[in-house]
Amino acid sequence: MSRDVYSAEVQAMIERTKELTAEEAETLGTAWTSQEGISYDPASFLSLHHWMSEIPHTQNLALQNTWQHVSSVATVKGRPDELDAAIEAEKATEHAVRWMSITELAKAGAVEAARSAVLAVGVRDVIDDAAYQLLVGPWQKAFGAL
């Protein structure tokens, strides 16, 4: 159950994550992972178990830096409710996609996209437009404008 301190928009986004269809989760996750620029490098047998052959790497450092910046801004500005909402969206999405017949990469992307979009919407007033658009872009691609 969501806390009643979230804005109506954030609350609606969290509730939306609980009702994801496989098609929506795939769209959301694919939009996020394509933005991440995932690439794979063969793993060294010296550093990993023999059954793992590739390690995913995020190539989009701007995306990583934006997420770090926005979560830091939320912390510095004393916005724990918005951080909690992002975690709630993350958990709700993980639960929703757990048994879906979509790729593991799309599942992980959907979780990241939901968490990031909810946080960006929650702290919209203290982040710049570029950061906001980067973090909500996959959500908008899957569900339309906020």
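Starting from 1, each residue takes its place in the sequence as its number. Since we're looking at a predicted model, the values are computed, not measured.
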Any side-chain heavy atom of T103 within less than 4.5 Å of one from T30? no

What distance do T17 atom OG1 and E24 atom CD have between them, rounded to the nearest 0.5 Å? 11.0 Å

Is I87 reachable from V118 through a run of I, L, V, M, F, W or Y residues, each pair having side-chain heavy atoms under 4.5 Å apart? no

Kindly give the heavy-atom pair with the smallest separation between A25 and M100, and that separation in Å. CB-SD, 3.7 Å

Between atom CD of E19 and atom CD1 of I14, what is the distance when rounded to the nearest 0.5 Å? 12.5 Å

Quick one: does T75's side chain get under 4.5 Å of L83's, heavy atoms only? yes

Side chain to side chain, K77 and V123, heavy atoms closer than 4.5 Å: no

Determine the minimum heavy-atom distance between A110 and V97, stating which atoms define it. CB-CG1, 4.5 Å

Start with the C-alpha gap between K107 and E26, add the side-chain angles, then the distance that decides, and say whether salt bridge (charged side-chain N to carboxylate O under 4.0 Å, His left out) holds. CA-CA 7 Å; K107 288 178 184 179; E26 182 81 36; over 6 Å; no

Are V121 and Y6 close enough that some pair of their side-chain heavy atoms sits under 4.5 Å apart? no

If you define the side chain from C-beta out and look only at heavy atoms, does anything of L63 sit under 4.5 Å from W32? yes

Is any side-chain heavy atom of T66 closer than 4.5 Å to one of Y132? no

So OG1 of T27 and CZ of F143: to nearest 0.5 Å the spacing works out to 8.0 Å

Side-chain H-bond candidate by donor/acceptor type, Q68 with Q64, under 3.5 Å: no

Smallest heavy-atom separation, A120 atom then V136 atom, equals CB-CG1, 3.8 Å

Just checking, R16 and W139: is the charged tip under 6.0 Å from the six-membered ring centre and within 45° of the axis? no

Flag yes if more than 12 heavy atoms outside Q140 fall under 6.0 Å of its CD atom; otherwise flag no. yes

Please check this pair: side chain of E90 against backbone of E112, looking for a donor-acceptor N/O pair closer than 3.5 Å. no

If you take all heavy atoms of L134 and A62, which pair is closest and at what distance? CD2-O, 4.0 Å

Is the side chain of S34 donor-acceptor paired with the backbone N or O of A31 at a distance under 3.5 Å, no angle test? yes

Between CD of E23 and CD1 of I102, what distance do you get to the nearest 0.5 Å? 11.0 Å

Any chance you could measure L20, atom CG, to T93, atom OG1, to the nearest 0.5 Å? 5.5 Å

Under the side-chain contact (heavy atoms from CB on, under 4.5 Å) criterion, do E82 and L119 qualify, and how do the steps go? CA-CA 6 Å; E82 287 79 355; L119 182 59; 4.2 Å; yes

Ion pair D129/R124, N-O distance below 4.0 Å: yes

Assess whether a salt bridge exists between R79 and D84, defined as any Lys/Arg side-chain N lying under 4.0 Å from an Asp/Glu carboxylate O. no

Inspect the contact between E88 and K91 and indicate whether a charged nitrogen and a carboxylate oxygen are less than 4.0 angstrom apart. no

